[in-house]
Amino acid sequence: MKITVVGTGYVGLVTGTCFADTGNMVTCIDTDEKKIERLKKGDIPFYEPGLSELVIRNQQEGRLVFTTGFTDEIKQSSVAFICVGTPSRKDGSANLDFVFQVARDIAHLNDSIIIAVKSTVPVGTAAELKSLMHQLGKDRIRIVSNPEFLREGCAVEDCMKPDRVVFGTDSYDTLKVFHDLYQSFVRTGNPIMSMDNVSAEMTKYVSNCILAARIALINEMSLLCEKVGADITQVRQAAGADHRIGTQYLFPSIGFGGSCFPKDLRAMASLFRDYEMRANVLEATILANELQKKNFCRKIKNYYAEIDMSIAHKKIAIWGASFKARTDDVRESPALDVIDFLIKEEAKVVIYDPKANSNITALYGSQVKCVDDPYEALDGAFGLCVLTEWNQFRHPDFDMMASKLSKKVIFDGRNLYSPAKMKELGFAYHSIGRV
Ligand code: NAD
């Protein structure tokens with residue numbers, strides 16, 4: 001099948017590449033010329049495990065091409081996937097300008113294509129796109145809502161072997177096209193779930209809201225654990241052993257972040273307001289997450305206040321800045337809140353992240369220093385904040401850490417170490433929900 005994918009970010013590039021890898025002819029379009037130039041050379045503009053090899057192979061085998069403009073390829077495409085960003089507006093609602101612009105551009109060149117919306121868009125967007133097509137006199141174009149559930153860090157695996165494929169449509173002939181397209185990704189029998197557009201749009205937000213609420217809830221429980229002297233790790237493991245609860249998305253931390261959860265929760269809360277309803281649990285989740293990040297910063301502040309030390313002009317090290325491990329994405333990373341706090345306290349912030357250093361430098365410039373070695377970050381530092389759960393931080397050389405740090409204190413926002421072991425090693429150790 002000939003496919004066009006518009007937007008070559010984390011979703012579009014992975015989607016386009018995986019479709020190419022199953023034999024489809026895929027054209028990927030992005031307005032970012034630098035990105036497309038890099039992609040043409042087989043250079044992936046962001047870090048995603050396993051993606052580079054796939055892009056290069058499919059490009060070499062002629063199934064994957066990159067371009068900046070809407071070219072004739074779109075005229076031959078059966079399906080165009082919209083994978084552009086849908087950032088938050090000031091009021092929290094999703095900005096759909098890119099989505100509508102792209103839909104217009106596609107409709108201009110092909111009046112019988114299927115437009116599949118993979119970007120996360122508010123409920124009702126498919127209906128609006130349908131009415132736009134009607135206004136443009138393009139009633140033969142069909143709109144499919146095809147939300148994406150991949151996770152950065154394992155996006156290729158998630159795309160190739162999704163738990164489920166969801167798509168919404170009101171047109172019978174698109175059902176077969178989508179079943180055919182996705183068949184090779186669900187060979188183990190995972191379901192392809194077709195439904196109406198509104199339900200498909202709703203499914204994406206509901207999934208993210210539930211996952212984010214779980215994290216916020218376990219984080220809230222961790223606060224009480226610290227007060228009563230319980231260990232949140234034992235508590236979450238025991239609670240999660242109940243099959244009704246399960247173990248996923250129950251890891252206490254400095255809070256959730258990334259380009260999806262915060263943005264999607266805001267968009268969903270905004271949608272509730274549109275219907276003059278209040279999203280009580282959702283609003284509480286958003287607030288609890290903000291407080292969780294603040295609590296972590298307060299923990300740092302209180303520690304130094306208690307030992308009567310100012311961190312102004314003193315070096316503080318950070319390990320991990322991406323919003324989670326296995327990605328270089330720092331969008332709404334909770335680490336940014338900690339970095340902002342430390343900058344405000346006038347500390348000299350030195351950061352090591354295995355993949356996100358360049359994104360952090362792009363954001364903060366000379367306000368922080370990024371280094372290429374985790375132990376170099378510790379040289380003469382008066383404390384270490386561990387903010388991303390990269391595997392390489394799980395078993396560090398504690399002796400080396402002790403010898404490099406000017407003050408043996410660790411603020412662990414990901415609970416990577418055992419409090420008992422840290423005590424034994426002589427570190428002052430502050431983690432989440434454990435004393
Ligand atoms: P991204 O910012 O990484 O990529 C978006 C790309 O679209 C950029 O490369 C940008 O240059 C391009 N673009 C913008 N306007 C364009 C236009 N008019 N024509 C062509 N290209 C254009 O975003 P992303 O993380 O891939 O997310 C895309 C959408 O998918 C969002 O709605 C997001 O909420 C959703 N989503 C993201 C994830 C994720 O993990 N990142 C998962 C599921 C869903």
Side-chain angles (χ1 to χ4, degrees), residues 212 214-228 230-233 235-236 249-258 261-262 284-307 309-312 314-325 330-347 349-353 356 360 363-364 368 377-378 381-390 393-394 405 407-419 422 427-435:
R214 276 175 72 96
I215 298 173
L217 188 57
I218 198 74
N219 279 342
E220 188 163 279
M221 296 304 144
S222 76
L223 299 176
L224 193 58
C225 282
E226 286 175 20
K227 294 284 179 206
V228 301
D231 179 335
I232 191 70
T233 303
V235 172
R236 86 164 156 78
Y249 286 79
L250 272 192
F251 291 87
S253 67
I254 34 171
F256 58 75
F261 283 3
T285 301
I286 295 167
L287 179 65
N289 197 53
E290 286 311 307
L291 293 177
Q292 187 71 3
K293 293 183 279 184
K294 286 198 169 71
N295 281 329
F296 189 79
C297 295
R298 192 173 309 122
K299 225 174 234 180
I300 301 173
K301 199 175 172 102
N302 287 349
Y303 171 79
Y304 290 108
E306 267 168 34
I307 60 166
M309 190 189 129
S310 160
I311 54 171
K314 298 217 171 55
K315 185 169 161 180
I316 300 289
I318 289 180
W319 279 4
S322 55
F323 83 94
K324 64 173 184 173
V330 299
R331 290 178 286 183
E332 299 208 38
S333 170
L336 304 186
D337 293 67
V338 181
I339 296 170
D340 291 342
F341 159 75
L342 292 172
I343 290 174
K344 211 166 144 217
E345 294 288 311
E346 296 181 73
V349 184
V350 182
I351 301 170
Y352 167 76
D353 186 285
I360 287 294
L363 274 183
Y364 287 97
V368 301
L378 306 182
F382 284 81
L384 164 66
C385 306
V386 182
L387 304 180
T388 311
E389 72 285 19
W390 284 99
F393 300 151
R394 290 182 191 274
L405 283 166
K407 192 144 205 49
K408 283 174 69 180
V409 56
I410 298 178
F411 304 96
D412 180 357
R414 300 287 176 171
N415 284 2
L416 298 191
Y417 312 124
S418 138
M422 299 313 286
F427 283 89
Y429 180 63
H430 303 267
S431 58
I432 311 283
R434 307 176 307 172
V435 283

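Atom set for the values below is all heavy atoms of this structure, side chains included, hydrogens, waters and symmetry mates excluded. For the single chain, residues carry numbers from 1 onward in sequence order. If you're wondering where the values come from, they're calculated on a predicted model, not measured in any experiment.
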Task: D353 side chain to W319 side chain, donor-acceptor N/O pair below 3.5 angstrom - done: no

TODO: Specify the closest pair of heavy atoms between L378 and A317, including all atoms of both residues, with the distance to one decimal.
DONE: CD2-CB, 3.8 Å

Task: side chain to side chain contact (heavy atoms under 4.5 Å, CB included) assessment of L291 paired with E220 - done: CA-CA 9 Å; L291 293 177; E220 188 163 279; over 6 Å; no

Task: I410 and M422, any side-chain heavy atoms less than 4.5 Å apart - done: yes

Open item on the list: Looking at every heavy atom in both F382 and M309, which two are closest together, and how far apart are they?
Closed with: CD2-CE, 3.4 Å

Open item on the list: If you define the side chain from C-beta out and look only at heavy atoms, does anything of I318 sit under 4.5 Å from L384?
Closed with: no

Task: Nearest-0.5 Å distance that lies between atom CG in L217 and atom CG in L250 - done: 8.0 Å

Task: Side-chain touch D340/K344, heavy atoms, less than 4.5 angstrom - done: no

TODO: Taking all heavy atoms of I316 and all of C385, pick out the closest pair and write down the distance.
DONE: CG2-SG, 4.1 Å

Open item on the list: Salt bridge check, K299 against E226: does any charged N sit closer than 4.0 Å to a carboxylate O?
Closed with: yes

Task: Minimum heavy-atom distance A335-G320, with the two atoms named - done: CB-O, 4.0 Å

Open item on the list: Between E345 and K301 (salt bridge meaning N to carboxylate O under 4.0 Å), is one present in this structure?
Closed with: yes

TODO: Could you tell me whether the side chain of I432 reaches within less than 4.5 Å of the side chain of F296, counting heavy atoms only?
DONE: yes

Open item on the list: Can you confirm whether the side chains of Y429 and R434 place a donor and an acceptor under 3.5 Å from each other?
Closed with: yes

Open item on the list: Nearest 0.5 angstrom please: I307 CD1 to N302 CG, how far?
Closed with: 12.0 Å

- [ ] Identify which one of V350, I360, L363 satisfies the side-chain contact (heavy atoms from CB on, under 4.5 Å) criterion when paired with V368.
- [x] I360

Task: Test item: E389 and R394 side chains (from C-beta on) under 4.5 Å apart, heavy atoms - done: yes

Open item on the list: Can you confirm whether F323 sits close enough to P334 that some side-chain heavy atom of one is under 4.5 Å from a side-chain heavy atom of the other?
Closed with: yes

Task: Whether Y303 and F411 hold their rings parallel, tilted or perpendicular, with breakpoints at 30° and 60° - done: perpendicular

Task: Worked check of side chain to side chain contact (heavy atoms under 4.5 Å, CB included) between F341 and I300 - done: CA-CA 10 Å; F341 159 75; I300 301 173; 3.9 Å; yes

Task: Between CZ on residue F251 and CD1 on residue I232, distance to nearest 0.5 Å - done: 11.5 Å

Open item on the list: Are V235 and M221 packed together at the side-chain level, in the sense that at least one heavy-atom pair is separated by less than 4.5 angstrom?
Closed with: no

Task: Check: N289 main-chain N/O paired with K293 side-chain donor or acceptor under 3.5 Å - done: no

TODO: Sort out for me which residue in L387, T388, N219, N415 forms a side-chain contact (heavy atoms from CB on, under 4.5 Å) with S253.
DONE: N219

Task: Within-4.5 Å side-chain heavy-atom neighbours: D231 and C225 - done: no

Open item on the list: Please give me the minimum heavy-atom distance between K315 and A377, naming the atom from each residue.
Closed with: CE-O, 3.2 Å

Open item on the list: If you take the centroid of each ring, where Trp contributes its six-membered ring, are F393 and Y417 closer together than 6.0 Å?
Closed with: no

Open item on the list: Can you tell me how far apart CZ (F256) and NZ (K324) are? Round to the nearest 0.5 Å.
Closed with: 13.5 Å

Open item on the list: Tell me the closest heavy-atom pair linking A356 and V330, and the distance in Å.
Closed with: CB-CG1, 3.7 Å

- [ ] Working to the nearest 0.5 Å, report the span between NZ of K407 and CZ of F427.
- [x] 12.0 Å

